[in-house]
Amino acid sequence: CNMLSPLLNCRNSLLIFTYENELINLKLDTLITDDLLEEYYQRHQNEFRLRENIVQLNFVKLPVDAPDINIVRRLIRSEDPEDLERLEEYSLNNAAAFFLDQDSWFIFSDILREIPLNPANHESFLRNNRFVELNDQFYRYFLFIRDYRLEGSPSPLTFQIDNIKAIILNHRKQTLINEFRQNLYMEAVRSSAFEIY
C-alpha cells in the first residue's frame, strides 16, 4: 500500500491539473481592454522601470551603391506621415533593412548590433545625438532618434503591454482556480464527502 500511495497522489494531482487547465480554457476571460491596460499601468508604474536604454527611431540600411541617397537624408528626419510613406516606399525598393514604425520602442543595444557604431557611453550618446549617418565597406546607415528613455526611468506603457497582459491573465487564472477549489471544498463539506476533526 505504501508503494501505491505516491502513485495515487501523482495520478490525482495530474487529474486535478488537467481539469483545472480545461476549466481555464473554457472559462478564462482573455479580453483585456486598453482602459484596463492603462489603469493597471498607472497603478503599478513604479514596477515598470527600464533595465536597458530604449529608443523610437527611423533607421535605414542601404547598400553603398543605392540611388538618391539625399532623399533618405532629407526624409528620415521628417515627422510628416507623407514623407515617411515616401521613405518607406524607397526603403522597400532599396534598403537591406529599415525600421520606420512611429509607435514602437527598440532596445538601443539591439539597434547598435545593426550598425558599425559602439559608443563608450550610451546615455551620453543618446542625449547628444539625434541623427547619425555611417558607412562601412558595404552599407550606408541612417539613424534618426525620435525619442529615447534611459535605463532606470519609467518604462512607456507601449513597451510593457505584453507584460501587463500576461500579468492580468495570470491574476485571472489564479482567481478562477482559487474559486474552483473553494467551491469544490464547500461542495464536499455540504455533501459530507469528508469530515473535519
Side-chain angles (χ1 to χ4, degrees), residues 30-42 44-170:
T30 58
L31 177 64
I32 299 174
T33 65
D34 291 343
D35 289 343
L36 184 57
L37 289 169
E38 175 74 30
E39 178 187 330
Y40 188 92
Y41 175 78
Q42 291 302 328
H44 300 91
Q45 196 166 7
N46 288 335
E47 297 171 21
F48 299 110
R49 294 280 173 189
L50 291 170
R51 294 190 176 131
E52 297 184 69
N53 301 318
I54 61 172
V55 292
Q56 283 185 324
L57 57 92
N58 295 337
F59 169 74
V60 178
K61 176 182 175 181
L62 294 170
V64 289
D65 61 350
D68 303 320
I69 297 295
N70 286 330
I71 289 174
V72 177
R73 286 187 183 109
R74 186 173 51 81
L75 296 179
I76 199 163
R77 301 176 208 210
S78 179
E79 298 289 331
D80 182 358
E82 288 181 16
D83 286 345
L84 292 174
E85 282 180 31
R86 289 179 57 210
L87 180 58
E88 182 176 8
E89 184 178 323
Y90 175 90
S91 298
L92 284 168
N93 292 324
N94 298 290
F98 67 96
F99 309 117
L100 301 172
D101 185 346
Q102 301 298 293
D103 298 321
S104 295
W105 290 91
F106 298 92
I107 296 172
F108 185 54
S109 58
D110 290 347
I111 299 302
L112 291 176
R113 285 189 201 63
E114 296 288 327
I115 60 177
L117 177 68
N118 189 15
N121 184 319
H122 292 189
E123 181 178 332
S124 176
F125 179 85
L126 289 170
R127 289 185 191 277
N128 297 305
N129 295 280
R130 289 203 36 145
F131 177 72
V132 177
E133 180 180 339
L134 300 165
N135 298 345
D136 65 16
Q137 186 177 349
F138 304 104
Y139 297 102
R140 293 179 193 265
Y141 305 85
F142 299 89
L143 180 70
F144 178 67
I145 300 170
R146 289 184 289 102
D147 198 2
Y148 67 90
R149 298 285 189 279
L150 299 175
E151 177 182 347
S153 65
S155 180
L157 170 61
T158 55
F159 195 67
Q160 294 297 333
I161 285 177
D162 290 340
N163 290 337
I164 294 171
K165 283 181 180 178
I167 290 167
I168 291 171
L169 287 176
N170 191 45

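For this chain, numbers begin at 1 and follow the sequence in order. Note: hydrogens, waters and symmetry copies are ignored here, and every other heavy atom, side chains too, is used.
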**Item:** Single hit among Ile145, Asn53, Leu57 for side-chain contact (heavy atoms from CB on, under 4.5 Å) with Ile111
**Value:** Leu57

Beyond-backbone contact of [X] with [Y], side-chain heavy atoms, under 4.5 angstrom:
{"X": "Ile54", "Y": "Tyr148", "answer": "no"}
{"X": "Pro63", "Y": "Phe138", "answer": "no"}
{"X": "Leu169", "Y": "Ile32", "answer": "yes"}
{"X": "Gln160", "Y": "Asn163", "answer": "yes"}
{"X": "Val132", "Y": "Leu134", "answer": "yes"}
{"X": "Ser104", "Y": "Phe99", "answer": "no"}
{"X": "Glu151", "Y": "Glu52", "answer": "no"}
{"X": "Asp147", "Y": "Pro156", "answer": "no"}

**Prompt:** Under 4.0 Å between a Lys/Arg side-chain N and an Asp/Glu carboxylate O for Arg73 and Glu133?
**Reply:** yes

**Asked** Do the charged groups of Arg113 and Asp110 touch, with an N to O distance under 4.0 Å?
**Response**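 Result for this pair is yes, salt bridge flagged.
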
Is a side-chain donor or acceptor of [X] paired with a backbone partner of [Y] at a separation under 3.5 angstrom?
{"X": "Asp83", "Y": "Glu79", "answer": "no"}
{"X": "Ser153", "Y": "Arg149", "answer": "no"}
{"X": "Asn94", "Y": "Tyr90", "answer": "yes"}
{"X": "Asp136", "Y": "Tyr139", "answer": "yes"}

Working to the nearest 0.5 angstrom, can you tell me the gap between [X] [atom1] and [Y] [atom2]?
{"X": "Ser91", "Y": "Lys61", "atom1": "OG", "atom2": "NZ", "answer": "13.0 Å"}
{"X": "Leu37", "Y": "Thr158", "atom1": "CG", "atom2": "OG1", "answer": "11.5 Å"}
{"X": "Glu47", "Y": "Tyr41", "atom1": "CD", "atom2": "OH", "answer": "11.5 Å"}
{"X": "Asp80", "Y": "Leu75", "atom1": "CG", "atom2": "CG", "answer": "9.5 Å"}
{"X": "Ile115", "Y": "Asn135", "atom1": "CD1", "atom2": "CG", "answer": "12.0 Å"}
{"X": "Phe108", "Y": "Leu126", "atom1": "CZ", "atom2": "CG", "answer": "4.5 Å"}

**Item:** Leu112/His122 under side chain to side chain contact (heavy atoms under 4.5 Å, CB included): CA gap, chis, key distance, verdict
**Value:** CA-CA 10 Å; Leu112 291 176; His122 292 189; 3.4 Å; yes

**Prompt:** Step by step, would you call Arg127 with Glu123 a salt bridge (Lys or Arg N to Asp or Glu O under 4.0 Å)?
**Reply:** CA-CA 6 Å; Arg127 289 185 191 277; Glu123 181 178 332; 2.9 Å; yes

Given the side-chain rings of [X] and [Y], with only the six-membered ring counted for Trp, is the space between their centroids under 6.0 Å?
{"X": "Phe142", "Y": "Phe59", "value": "no"}
{"X": "Phe48", "Y": "His44", "value": "no"}
{"X": "Phe131", "Y": "Phe144", "value": "no"}

**Message:** For Leu87 and Phe98: C-alpha separation, side-chain torsions, deciding distance, then whether side chain to side chain contact (heavy atoms under 4.5 Å, CB included) applies.
**Reply:** CA-CA 10 Å; Leu87 180 58; Phe98 67 96; over 6 Å; no

Which heavy-atom pair separates [X] from [Y] by the least distance, and what is that distance?
{"X": "Leu62", "Y": "Ala95", "value": "CD2-CA, 3.6 Å"}
{"X": "Gly152", "Y": "Arg49", "value": "O-CD, 3.2 Å"}
{"X": "Ile76", "Y": "Leu143", "value": "CD1-N, 4.2 Å"}

**Prompt:** Side chains of Gln102 and Asn58: do they bring a donor and an acceptor to under 3.5 Å?
**Reply:**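 Side chains of Gln102 and Asn58: pair found under 3.5 Å.
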
**Item:** Ser124 vs Asn121, side chain to side chain donor-acceptor pair (under 3.5 Å): CA-CA, chis, key distance, verdict
**Value:** CA-CA 5 Å; Ser124 176; Asn121 184 319; 5.0 Å; no

**Request:** Please check if atom CD in Glu89 has more than 12 non-hydrogen atoms from other residues, nucleotides or ligands closer than 6.0 Å.
**Result:** no

